[in-house]
Amino acid sequence: MRYQRILLAAGLWVGVTAATAAATPGCYGHNCDGSFVDFGGTPQGEMIDANTWESNPFDGQWLPFPGQRTYNFDLSLLGNRRPTITIPFISAQEAPIVSGDNYTIGSGNLAEFWYNPGTNTLTIQNGTCADYFLYLAVTAADTGTDTTTPATQGGD
């Protein structure tokens, strides 16, 4: 009788554990499948001053940034100038400014990015399985500054 109770308890524990694991897949389901989106080539995004491009209005709806989403941003509106400052803001809300200023600067796996100088594109990825919304601001050197050739040190 005692062994039957132990076997019954063990069977119940295994059943509850298996049901819980099936109901909450975490990153084992398809919630962490990646996607790739080209953005900015039509053109999307806009210049907010002579040197700063934004992906979407800061006080509007931000871009969906689900887990493993990769955006390839076309920065041709910057006129072949290399970005000097890139700030990715993320939020759990689609319109964080309207909803009470719930946002932060994305860093680490939340906003992995690199610049592709030959193509005027910036690529950013949400390297997590969590869903967020994204606003990207990119500033390039002033239009009066030559950024095509790196500065050299020293003289002739």
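Scope of the values below: all heavy atoms of this structure, side chains included, with no hydrogens, waters or symmetry mates. None of these values were measured; they are calculated from a predicted model.
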Contacts table for residues 100-110: side-chain donor-acceptor under 3.5 angstrom, sequence neighbours left out:
none

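- Atom-to-atom distance recorded for T139:OG1 and I85:CD1 is 5.0 Å, nearest 0.5 angstrom.
- Between D131 and G67, the closest heavy-atom pair is OD1-N, 3.1 Å.
- Here the side chains of P66 and N126 are not in contact, with every heavy-atom distance at 4.5 Å or above.
- Using a 4.5 Å heavy-atom cutoff, the side chains of L134 and W62 are not in contact.
- Here CZ of F73 is found 11.5 Å from CD of E54. Values are rounded to the nearest 0.5 Å.
- Using a 4.5 Å heavy-atom threshold, the side chains of F65 and I124 count as touching.
- Taking the side-chain contact (heavy atoms from CB on, under 4.5 Å) definition, one finds that A137 meets it with Y135, sequence neighbours left out.
- Under the 3.5 Å distance criterion, with hydrogens and angles disregarded, a donor-acceptor pair is assigned to the side chains of N120 and N80.
- With sequence neighbours excluded, the residues satisfying side-chain contact (heavy atoms from CB on, under 4.5 Å) with A130 are T128, Y132.
- Using a 4.5 Å cut-off between side-chain heavy atoms of Ile, Leu, Val, Met, Phe, Trp and Tyr, with links allowed through other members, F113 and L63 fall into the same hydrophobic cluster.
- Closest approach of M47 and A50 over heavy atoms only: CE-O, 3.6 Å.
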side-chain contact (heavy atoms from CB on, under 4.5 Å) assessment of V138 paired with L75: CA-CA 9 Å; V138 179; L75 301 178; 4.1 Å; yes

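- For Q68 (side chain) and G127 (main-chain N/O), a donor-acceptor pair under 3.5 Å exists by modelled atom type.
- Distance CG/N56 to CZ/F133: 11.5 Å, rounded to 0.5 Å.
- Interatomic distance, CH2 of W53 versus CG of L122, reported as 8.0 Å (0.5 Å rounding).
- In this structure, the side chains of R81 and N51 come closer than 4.5 Å at one or more pairs of heavy atoms.
- With rounding to the nearest 0.5 Å, the separation of CD in E112 from CD in Q125 is 5.5 Å.
- Both L77 and L136 are part of a single hydrophobic cluster, where members link through side-chain heavy atoms under 4.5 Å apart.
- The structure places CG of N72 at 5.0 Å from CG of D38, a figure rounded to the nearest 0.5 Å.
- Using a 4.5 Å heavy-atom threshold, the side chains of F89 and S55 count as separate.
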